Visitor: 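A single structure is presented below for examination.
Please read these numbers as outputs of a predicted model, since none were measured by experiment.
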Amino acid sequence: MRTPESLTALVTGATDGVGREVATRLAQLGATVLVHGRDDARIEATIAAIRERTGACDLRPLRADLSRLAEVDGLADEVLASVDELNLVVSNAGVGFGPPTGHREVSPDGHELRWAVNHLAPHHLLRRLAPLLCRSAPARVVAVTSIGQAALDLDDLQTEHDWDGTLAYRRSKLAATMSAFDLAEGLRGTGVAVHVLHPATLMDTAMIREAEVPPESTVEQGVTALVRLTLDPELDHRTAGFFSGSYPDDAALHAQVSDEHVRAELRRRTEETVAATLGGPDVPAQAGTPDAQPDSMTFV
């Protein structure tokens with residue numbers, strides 16, 4: 001990776017919790033930070049707070065509701081139009097378990113909400129940004145998922161039956177993990193490393209408080225692990241790693257991650273869902289070269 005002050009970094013879900021603290025740390029180290037959120041007022045307040053704490057000047061607002069794939073597309077368009085280089089993406093935005101009395105929610109596109117935000121949005125966004133990441137190599141993607149994973153039901157990916165917030169969350173995070181590993185394989189050899197991180201267990205965030213679950217970790221613990229994974233030069237020549245906190249932990253991965261049939265079916269159905277929602281073919285991704293063009297990239 002480059003030195004922090006030479007980085008242009010996108011942090012999704014940067015207006016609260018771990019995302020906000022990571023954006024602050026990166027800005028403090030001198031990076032140009034693209035601060036994503038879904039509410040203009042909160043983005044502006046976040047940027048003002050980061051500037052007050054760090055003195056950083058190069059903070060750029062990006063607004064998009066990641067439950068709407070058209071806005072995910074718009075977010076990618078804005079990034080591609082506004083920066084010449086993108087060296088780091090921290091895919092952090094997500095929807096948690098929800099309250100204990102919660103019910104199944106759907107996105108404006110008609111998808112189960114956790115599936116839409118935690119899986120479909122980063123899947124599509126990262127593939128739209130992949131050519132720019134390749135041209136900016138060395139570059140890195142850190143996908144924030146969870147060690148709490150539940151098996152995918154290929155007949156019910158969006159948990160229409162026997163819905164439970166925790167189950168839907170864990171399925172979406174397993175899907176996001178598989179998608180990130182697919183991306184890592186597709187970008188192998190391009191200078192873009194992709195890693196997956198469980199920052200810490202049940203951090204004391206708004207998500208956990210909403211779920212009325214006792215926290216087991218601090219936000220600081222998760223932030224420390226995440227910042228380390230974004231900048232550690234020891235990871236320059238590795239990709240497709242799963243980390244629990246600051247340590248590799250491939251043993252914690254769900255068995256379905258290595259199930260080629262499940263991976264292929266998830267990939268196919270995800271691309272079909274994105275294409276149908278946007279009214280056109282999904283932007284695929286595959287191994288390419290750092291100067292690959294967007295229309296020439298095809299991911300497996």
Side-chain angles (χ1 to χ4, degrees), residues 1 12 18-19 22 88-94 96-97 114-115 118-120 122-123 125-127 130 133 137-154 157 166-203 216-217 221-270 285-287 299-300:
M1 281 293 287
T12 67
V18 172
V22 168
L88 173 63
V89 178
V90 179
S91 182
N92 164 76
F97 307 146
R114 285 148 191 83
W115 191 258
N118 299 348
H119 171 53
L120 296 179
H123 175 93
L125 177 64
L126 292 172
R127 281 152 180 77
L133 287 163
R140 193 172 296 177
V141 174
V142 179
V144 179
T145 66
S146 175
I147 207 168
Q149 304 159 358
L152 301 181
D153 180 347
L154 293 178
L157 285 175
T166 301
L167 175 63
Y169 171 85
R170 289 177 171 171
R171 282 178 171 172
S172 70
K173 288 298 189 178
L174 177 57
T177 297
M178 293 182 184
S179 176
F181 282 164
D182 282 347
L183 185 70
E185 291 304 317
L187 295 177
R188 192 177 292 277
T190 65
V192 181
V194 182
H195 295 293
V196 182
L197 173 69
H198 167 76
T201 299
L202 300 177
M203 290 175 288
E216 296 182 13
S217 306
Q221 288 173 289
V223 171
T224 298
L226 186 44
V227 171
R228 181 253 167 177
L229 199 60
T230 62
L231 300 175
D232 190 343
E234 292 182 6
L235 300 177
D236 278 350
H237 305 293
R238 297 176 56 188
T239 193
F242 182 82
F243 293 78
S244 180
S246 296
Y247 302 98
D249 195 8
D250 288 344
L253 288 170
H254 194 282
Q256 282 189 334
V257 172
S258 58
D259 187 320
E260 290 301 325
H261 169 68
V262 174
R263 287 268 293 273
E265 278 299 293
L266 172 65
R267 184 165 58 245
R268 179 181 68 81
R269 296 185 195 188
T270 297
Q286 87 178 347
F299 287 110
V300 296

Visitor: Measure the spacing between NZ of Lys173 and CD1 of Ile147 and express it to the nearest 0.5 Å.
Guide: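 It comes to 13.5 Å.
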Visitor: If I take atom CG from residue Asp153 and atom CG from residue Leu167, how far apart are they, to the nearest 0.5 angstrom?
Guide: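 Those atoms lie 9.0 Å apart.
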Visitor: Is there side-chain contact between Leu126 and Val141, with heavy atoms separated by less than 4.5 Å?
Guide: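 Of all side-chain heavy-atom pairs linking Val141 with Leu126, at least one is under 4.5 Å.
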Visitor: Could you check Leu253, Thr145, Val257 and say which one makes a side chain to side chain contact (heavy atoms under 4.5 Å, CB included) with Val196?
Guide: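 Going through Leu253, Thr145, Val257 one by one, the side chain to side chain contact (heavy atoms under 4.5 Å, CB included) with Val196 is satisfied by Thr145 alone.
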Visitor: If you take all heavy atoms of Ser172 and Asn118, which pair is closest and at what distance?
Guide: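 Nearest heavy atoms, Ser172 then Asn118: OG-ND2, 3.0 Å.
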Visitor: State which residue, out of Arg127, Arg267, Arg268, fulfils the salt bridge (Lys or Arg N to Asp or Glu O under 4.0 Å) condition with Asp182.
Guide: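 The single option meeting the salt bridge (Lys or Arg N to Asp or Glu O under 4.0 Å) with Asp182 is Arg267.
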Visitor: Does any part of the side chain of Arg114, heavy atoms only, come nearer than 4.5 Å to the side chain of Phe97, both counted from C-beta?
Guide: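 No - every pair of side-chain heavy atoms lies 4.5 Å or more apart.
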Visitor: Looking only at heavy atoms, what is the nearest atom pair of Leu235 and Arg140, with distance?
Guide: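 Closest heavy-atom pair between Leu235 and Arg140: C-NH2, 3.7 Å.
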Visitor: Where do Gln221 and Ala200 come nearest, in terms of heavy atoms and distance?
Guide: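 What the structure gives for the nearest pair is CB-CB, 4.4 Å.
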Visitor: Please examine the side chains of His198 and Asp249, heavy atoms only from C-beta on, and report whether any two atoms are closer than 4.5 Å.
Guide: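 The answer is no, as the side chains (C-beta and beyond) never meet within the 4.5 Å cut-off.
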Visitor: Are any non-hydrogen side-chain atoms of Gln256 and Met178 less than 4.5 angstrom apart?
Guide: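 Contact flag for Gln256/Met178 side chains = yes.
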Visitor: Does some side-chain heavy atom of Val90 sit less than 4.5 Å from a side-chain heavy atom of Thr12?
Guide: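 A side-chain contact is absent here, since even the closest heavy-atom pair is not under 4.5 Å.
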Visitor: Taking all non-hydrogen atoms of both residues, which atom of Arg238 and which atom of Ala193 are closest, and how far apart?
Guide: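 That would be O-CB, 3.2 Å.
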Visitor: So which heavy atom on Trp115 is nearest to which on Arg171, and how close?
Guide: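 Scanning both residues completely, I find the closest heavy atoms to be CZ3-O, 4.0 Å.
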Visitor: Work out which heavy atom in Pro199 is nearest to a heavy atom in Val144; give both atom names and the distance.
Guide: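 Looks like CG-CG1, 3.6 Å.
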Visitor: What distance separates Leu183 CG from Arg188 CZ, expressed to the nearest 0.5 Å?
Guide: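 That separation rounds to 11.5 Å.
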Visitor: To the nearest 0.5 angstrom, please state how far the CG atom of Leu197 sits from the OG atom of Ser91.
Guide: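 The OG atom of Ser91 is 11.5 Å from CG of Leu197, to the nearest 0.5 Å.
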Visitor: Checking side-chain contact (heavy atoms from CB on, under 4.5 Å) for the pair Thr177/His254: CA distance, chi angles, key distance, verdict?
Guide: CA-CA 10 Å; Thr177 297; His254 194 282; over 6 Å; no
Visitor: Check whether any side-chain heavy atom of Val89 sits under 4.5 Å from a side-chain heavy atom of Leu133, and report yes or no.
Guide: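 In short, these two side chains touch, coming nearer than 4.5 Å.
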Visitor: Would you call Thr239 and Leu187 a side-chain contact if the rule is heavy atoms closer than 4.5 Å?
Guide: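 No, their side chains stay 4.5 Å or more apart.
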Visitor: Can you confirm whether the side chains of His119 and Ser179 place a donor and an acceptor under 3.5 Å from each other?
Guide: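 Checked: His119/Ser179 side chains show no N/O donor-acceptor pair below 3.5 Å.
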Visitor: Taking the six-membered ring where the residue is Trp, are the ring centres of His195 and Phe243 under 6.0 Å apart?
Guide: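 Yes.
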